[in-house]
Amino acid sequence: MLKPVCSLLLALFCVLAVAVSGAFAQPFTLPALPYASDALEPYIDKMTMEIHHGMHHQAYVNNLNAQVKNFPELEGMSLESMMARISTFNAAVRNNGGGHYNHDLFWKLMAPPGQGGEPSAALMQAITEGFGSLDELKKQFNQAAATRFGSGWAWVIVTGEKKLAVTSTANQDNPLMDVVEVKGTPILGVDVWEHAYYLSYQNRRGAYLDFWWNLVNWNEVNRRFAEALR
Ligand code: MN
């Protein structure tokens, strides 16, 4: 009984939030998911995707737009430029700008099971050089994701030396931000906030991470890897 009532309230809140926010100029908008909300099942369930995309990501977009009055220069600024000078803004821009960038990327980095392709020959070569094998990369990535205390993300980045590295960031930070310790261009990332997995996996973050590899959109990772090398 509680679940349908909660869903209804959440839906109502969303409609109201869109109605209110529509009254303002909105340079940032919620991108549509590149697949149906149930397309990642059984590894990520439909309700998790609906709440994660429609509520959490929408809130980052709305909250970021609300900051444009404090920082007019945000209007028309690309997210990448914002990340590179995130230290010049306040915590709300850092959290919500990061939240918008990270989720926009996260949706694209996943594909329905069986549709994500394979790592390209060039990417596999870099993985072998950097980690020895794809299994070892997965192990180090999952370790970074599992040991991120609280909420955050794990990443595979291309560093300034054009090498692959595994890293993790807290909250909604990401490797493009001028404030993080290990900087680079993210080509793969996973959301380890509890909102990303709790409905299906509860406290079993490790199980979520193991299953998540079935959803990786290697075609997009390959494209981003090639772009980062240019
Ligand atoms: Mn999230």
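Hydrogens, waters and symmetry mates play no part in the numbers below; they use all other heavy atoms, side chains included. Both ligands and their constituent atoms are indexed starting at 1 by order of listing.
One of the N, O or S atoms belonging to H52 lies under 2.8 Å away from the Mn ion (ligand 1). Taking backbone and side chain together, H57 holds no N, O or S atom under 2.8 Å from the Mn ion (ligand 1).
Between W212 and F106, the two ring planes are parallel [angle under 30°; tilted spans 30° to 60°].
Counting heavy atoms from C-beta outward, I157 and L164 have side chains that stay 4.5 Å or more apart.
Checking each of N95, N102, D191 against Q172 for a side chain to side chain donor-acceptor pair (under 3.5 Å) leaves exactly one that passes, namely N102.
Atom NZ of K163 has 12 or fewer heavy atoms from other residues, nucleotides or ligands within 6.0 Å.
Geometry at the Mn ion (ligand 1): NE2/H195 and NE2/H103 form an angle of 140°, nearest 10 degrees.
Take the N/O/S atoms of D191: the one nearest the Mn ion (ligand 1) is OD2.
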